Amino acid sequence: MTSYLLRGVSLLGATPRDLVIADGRISDKPDAEEIIDADGLVALPGLVDLHTHLREPGREDAETVETGSRSAALGGYTAVFAMANTSPVADTAGVVEQVWRLGREAGLVDVQPIGAVTVGLAGKQLAELGAMATSAANVRIFSDDGHCVADPRLMRRALEYVKAFDGIIAQHAEEPRLTEGAQMHEGEVSTRLGLTGWPAVAEEAIIARDVLLAEHVGSRLHVCHVSTAGSVEVLRQAKARGVRVTAEVTPHHLLLTDELAASYDPVYKVNPPLRTASDVEALRAALVEGVIDIVATDHAPHAVEDKECEWAYARPGMVGLETALPVVLSVLGEQWDLIAERMSRTPARIAGLTGHGTGLAVGDPANLTLVDPSARRVVDPAELASRSRNTPYAGTTLPGRIVATFLRGEPTVLDGKAVK
Ligand code: DOR
Ligand code: ZN
């Protein structure tokens with residue numbers, strides 16, 4: 001295993017120093033075989049994404065575990081959690097083990113499967129949560145993401161079930177009766193465009209219900225892709241009461257608004273939908289404050305035919321792994337410790353993932369990424385490593401370039417290029 005000396009690297013923005021990586025760990029050895037000129041580069045613990053759609057098995061035309069892993073490494077990630085809405089659904093030990101094994105074979109990031117809460121994501125019957133938890137994939141997070149676990153009795157049972165092993169139910173909060181036929185955020189823009197709206201209350205009502213259920217049961221709830229100012233207030237109150245709830249926000253909900261739907265370009269169609277500027281403002285403040293714990297990408301690759309069609313027929317979702325850090329950098333500025341907290345340390349802690357999101361002290365596993373904060377990049381969909389092209393940032397200039405990523409001391413990205 002090659003050892004590396006990162007010359008003049010700034011750990012989280014601190015005074016430049018040398019950092020040695022040897023035998024897969026941060027080392028106190030004085031030198032190394034390879035020297036990387038890290039002048040002007042910032043080292044962060046490898047990013048951890050709690051919400052990624054890798055599409056394998058079933059939609060390998062949109063993404064595979066390998067292409068998604070490469071996309072993640074290029075985005076500075078060393079671990080991603082793969083959502084269960086594959087085909088077949090990841091609702092058995094067999095499927096989660098398959099995804100886990102594919103991740104190991106790709107070897108670019110740690111791929112941790114998320115198990116479905118209900119059989120086939122159908123919302124009728126609990127999936128084999130215990131079998132997935134005790135499988136080789138060691139599943140601790142369960143989600144029907146893409147769908148809401150709408151039945152309160154089933155949600156309660158799921159929360160009770162995972163309590164035994166300190167598992168988490170990650171909810172896609174969307175009251176389905178309130179979003180029937182919805183195409184975009186319900187508000188002034190949807191009225192003007194004549195599109196059926198997805199009201200904020202459809203998200204807020206489910207979060208309010210679920211924090212009460214989590215409180216009643218004493219279990220852990222995680223709220224996926226929080227998108228409204230009202231949801232932030234529900235979460236704030238729940239946390240103040242000591243409810244065991246954590247929450248994520250996506251980069252796109254931190255930057256983009258529902259005005260973009262006026263273009264009728266389906267690249268802006270996503271679920272939950274892009275909201276208003278005042279929602280964006282509230283989400284940013286909540287992320288800084290910690291009411292929203294983490295940034296998660298909701299990387300949702302889609303094949304061309306599912307995106308380049310009429311708005312109403314397009315699937316919701318955006319790719320996000322390769323642009324997440326630049327978007328967050330544009331929103332938060334160079335607050336490196338906060339970025340590490342929201343994109344690496346806290347997601348690792350929520351998931352109980354050891355070896356990631358560390359302080360990069362001597363002896364820690366060398367899971368890290370090097371960023372050039374002074375670089376600017378115009379996003380070109382053709383250059384993405386993801387198999388899909390549905391980025392909302394095409395032609396946008398974003399700050400920051402991921403120069404290198406290391407997974408347990410092995411480079412997965414060098415000079416901004418994937419190593420394999
Ligand atoms: O926009 C979305 N896309 N939201 C979801 O909840 C699911 C995801 C997908 O799987 O494409
Ligand atoms: Zn979702």
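Computed from a predicted model, the values in this text were never measured in an experiment. As the structure lists them, so they are numbered: ligands from 1, and atoms in each ligand from 1.
The nearest non-hydrogen atom to atom 1 (O) of ligand 1, considering only Thr250, Asn271, Asp145, comes from Asn271.
Between Arg209 and Glu175 the shortest side-chain heavy-atom distance does not fall below 4.5 Å.
Distance from atom 9 (C) of ligand 1 to its nearest protein heavy atom, with residue and atom name: Arg55 NH2, 3.4 Å. In terms of protein heavy atoms, atom 8 (C) of ligand 1 is closest to His53 NE2, 3.6 Å.
Screening His51, Glu322, Glu63 for a side-chain hydrogen bond (donor to acceptor under 3.5 Å, both in side chains) involving His299 leaves a single residue, Glu63.
At a heavy-atom distance under 4.0 Å, only side-chain atoms of Ala300, from C-beta outward, approach ligand 1. With a 4.0 Å cut-off on non-hydrogen atoms, Met318 does not touch ligand 1 at all.
The shell of residues lying under 4.0 angstrom from ligand 1, judged by heavy atoms, excludes Arg315.
For His253, there are no ring-ring contact (aromatic ring centres under 6.0 Å, His included) partners two or more places apart in sequence or in a different chain.
The closest side-chain donor-acceptor pair between His356 and Thr78 falls under 3.5 angstrom. For the residue pair Ser278/Thr276, the side-chain donor-acceptor check at 3.5 Å is satisfied.
In terms of polar-atom proximity, defined here as any N/O pair under 3.5 Å, Pro272 makes no such contact with ligand 1.
Within the protein, the N, O or S atoms lying under 2.8 Å from the Zn ion (ligand 2) are Asp145 OD1, His172 ND1, His225 NE2.
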